[in-house]
Protein chains: 2
Amino acid sequence: MNSSTIKHVAEHAGFSIATVSRAMNAPHMVSPATLAKIHAAIEALSFQPNYLAQQLRAGRTQLLGVLLPTLANPVFAECVQGIEEAAAQAGYRLLLMTSRYDPESEAHAAQTLTNQRVDGLILTVADATQSPLLDRLEADGIPYVLTYNQSMKRPSVSVDNRAAAADAVRLLTAQGHRRILMLTGTLSASDRARQRYQGYCDALRQAGLKALPAHEIDFNAQGLPARTLSALCDSPHRPSAIFCGNDLLAMVAMRSLREAAMAVPAQMSIVGFDGLPVGELLAPSLATVCQPNYEIGARAWQELASRMGGAPASRAKQRPGVILPHRIRPGDSIGAPSS
Amino acid sequence: MNSSTIKHVAEHAGFSIATVSRAMNAPHMVSPATLAKIHAAIEALSFQPNYLAQQLRAGRTQLLGVLLPTLANPVFAECVQGIEEAAAQAGYRLLLMTSRYDPESEAHAAQTLTNQRVDGLILTVADATQSPLLDRLEADGIPYVLTYNQSMKRPSVSVDNRAAAADAVRLLTAQGHRRILMLTGTLSASDRARQRYQGYCDALRQAGLKALPAHEIDFNAQGLPARTLSALCDSPHRPSAIFCGNDLLAMVAMRSLREAAMAVPAQMSIVGFDGLPVGELLAPSLATVCQPNYEIGARAWQELASRMGGAPASRAKQRPGVILPHRIRPGDSIGAPSS
DNA sequence: TTGAAAGCGCTAACAT
DNA sequence: ATGTTAGCGCTTTCAA
């Protein structure tokens, strides 16, 4: 470790550490001659300031905590990229942790992050409606912004999940589908999933159709569970179309159906949610509703920055939930019902 | 900010700060009664230790610098997930920065990371063969491990790019293809791309065929450039198969070809490199060679840990480059040549 | 223009 | 078993 300190520089240059510090942070308060000597010393010792010390002294770190379920889902990876680029431009660095959709990990990670004294937090939690974690952040006065969690009460950046889901499902009803099933991860574990289910219900009701109970399955599955597959293929009341709570699920469903020799869209129409770029490359291409992941990240940074700016209960707090527009992406995974 | 310090706790509990510190770090040196009171005080003040102070004092941070080109490529996102989970288990946190394949950003980011006094660094650089950045890390004695950059001289974790590329291309020659083109990003900007081109040459030579110059294109392209497309479709000497330097490129190529009404694999066979899971969902499914991204990340952590362990020039240093096995993933994007 | 010194929050000698 | 104190590297009054 090449750890030369400001003290070494001071000795080498023949000045006090205070002057060295000034030479770096307020060069105009130092005589040109001195400045030159100090710069030379810095160069000679290849001195690099210790951010830890600066941060401890300053009481702020320029560190940003980012807490997301997983980077294995491109939705979040893209979002992080958006955060990173926006934050980097402002001189902020990212401390990244993942929770694997586990509330306990969420709490633990957030603790770690705040102990590191991050200046703020951008996070996606399983359920924002009742989160002791978020309550504590608020109580502690630690600025944070949620991503993907849509909330009226808390600072957040997301699409309108309910409306977006309804839009997606309308793609199906418009084609004449009357029996539409929603496939999703565990509802109780995700506020977004519930909101999307509501959108599903909205669209069906609007079309005068009956909403079915959400069909919940294990998210990590590599393929659809047998139970699900048989509900889709064998049941006498099998649906003619499915709305998937996210694209990963939709893609898994497409594969499983293909393996089960069910033609998409001929025998089963599918619409997803997320807008993963790769869905367009599939054959058939996946119809879905796109979330602007990169922008969600970038905007979350903006929101956070305004909350860290010092203006506590100002304009920024008037409307905590930011809704970004979603976009329908048509695709060949949707067709008319076969019957 | 709820920043109660160890001092507040000490006052509240009626002991010295040293005792409070011991209560947390060496409870067996504190009497049970005292311990209880201190715990009560900690609870009452909801005290959380300031990692910055601990780190400054200890001279180590349990912080890990991670520097990658972009999270928009799932290859890297998955790798980070592997790093994160392995490191988290050992109590390490990730400081993440992205360089967008820009050497200047790489250097700048690495500087920032070391100024934060990360205990070690995991990174993927544009070119590891001649990197002032890596030389400086070495000179400064900062432990680091490369991912994806395959090197004999430097600590690294990767597949055998050359051998893997040759395996991929052999999928093509085995089908009887005689005119095979390699599509890649800028060779001069990527050591891996050059290694893969060598593998391409190996396989062709071995098959008694002539290696063509690599066809370099802009990585960010949303579709193949016109020049490329015409070389693939219109040229009298058009290839019957292409080897793409990575899966993203292969998928873009598949789409562009489809739009140009070229059938894959009937008129053009394609093999990729990376093994993105989504390639399997395409139609036709993408033949490719899989890199174990998650494992690369996890193993990189292992390597780094052994290098941070204090054993400097020990066994760990004997063989700096770790090669993980790649795996051929067959797919329907390959067929026999049409002619 | 420069220096001396306090202090950010914490741990680890060194005392008692 | 507990307290006192020095010091990690830095910035910032306050003096000179």
Side-chain angles (χ1 to χ4, degrees), chain A residues 1-39 41-42 45-63 111-112 114-119 140, chain B residues 1-42 45-63 91 111-112 114-119 140:
Chain A
M1 320 291 172
N2 156 38
S3 270
S4 50
T5 75
I6 199 177
K7 203 168 170 183
H8 300 138
V9 175
E11 285 165 5
H12 188 103
F15 291 93
S16 75
I17 62 170
T19 302
V20 175
S21 178
R22 282 188 207 104
M24 313 191 69
N25 304 309
H28 58 278
M29 311 196 101
V30 175
S31 87
T34 310
L35 207 55
K37 287 182 199 160
I38 290 181
H39 280 150
I42 288 176
L45 303 177
S46 65
F47 164 79
Q48 292 302 140
N50 185 328
Y51 286 177
L52 292 173
Q54 293 183 328
Q55 290 161 350
L56 179 58
R57 175 116 224 303
R60 40 195 286 290
T61 55
Q62 309 259 89
L63 248 34
Q111 188 65 258
T112 300
T114 56
N115 285 0
Q116 187 70 48
R117 298 303 189 258
V118 294
D119 288 342
D140 292 356
Chain B
M1 319 292 172
N2 156 39
S3 271
S4 50
T5 75
I6 198 177
K7 204 169 169 182
H8 299 140
V9 176
E11 284 165 5
H12 188 104
F15 292 92
S16 75
I17 60 171
T19 302
V20 175
S21 178
R22 281 187 208 105
M24 313 191 71
N25 305 310
H28 57 278
M29 310 197 103
V30 174
S31 89
T34 311
L35 207 55
K37 286 182 199 161
I38 290 182
H39 280 148
I42 288 176
L45 303 177
S46 63
F47 163 79
Q48 292 303 139
N50 185 328
Y51 286 176
L52 292 173
Q54 293 183 327
Q55 291 161 349
L56 179 59
R57 177 105 222 308
R60 40 195 286 290
T61 54
Q62 310 259 88
L63 248 32
Q111 188 64 257
T112 301
T114 56
N115 285 1
Q116 186 71 46
R117 297 304 190 258
V118 295
D119 288 342
D140 292 356

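Per chain, numbering begins at 1; letters A, B, ... match sequence-line order.
Of the inter-residue distances, the one linking A:Q48 atom CD with B:Q116 atom CD reads 13.0 Å to the nearest 0.5 angstrom. In this structure, CZ in A:R117 is found 15.5 Å from CZ in A:R60, a value given to the nearest 0.5 Å. For the atom pair CG of A:D119 and CG of A:L63, the computed distance is 7.0 Å after rounding to the nearest 0.5 Å.
Extent of DNA chain D lying under 4.0 Å from chain A heavy atoms, first and last nucleotide in 5' to 3' order, is D:dG9 to D:dT13.
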Item checked: Worked verdict on A:Y51 versus A:T61 for side-chain contact (heavy atoms from CB on, under 4.5 Å) -> CA-CA 8 Å; A:Y51 286 177; A:T61 55; over 6 Å; no

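Distance B:Q62 CD to C:dT11 C1': 15 Å, rounded to the nearest Å. Atom-to-atom, CZ of B:F47 to C1' of C:dT11 comes out at 12 Å; the value is rounded to the nearest Å.
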Cut-off 3.5 Å, no hydrogens considered: what does the side-chain donor-acceptor table look like for residues 8-15 of chain A, sequence neighbours left out?
{"unit_1": "A:H8", "atom_1": "ND1", "unit_2": "A:T5", "atom_2": "N", "d": "2.8"}

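Near-neighbour residues of DNA chain D inside residues 8-18 of chain B, defined by a heavy atom below 4.0 Å, number-ordered: B:F15, B:S16, B:A18. Near DNA chain D, defined here as any heavy-atom distance below 4.0 Å, the residues from residues 50-58 of chain A are A:N50, A:A53, A:Q54, A:R57, listed numerically. Looking at residues 20-30 of chain A, you'll see A:R22, A:M29, A:V30 sit with a heavy atom under 4.0 Å from some atom of DNA chain C.
Across the helix from C:dT1-D:dA16 to C:dT16-D:dA1, the helix axis at one end is tilted relative to the axis at the other end by 50° (nearest 10 degrees, each axis from five pairs).
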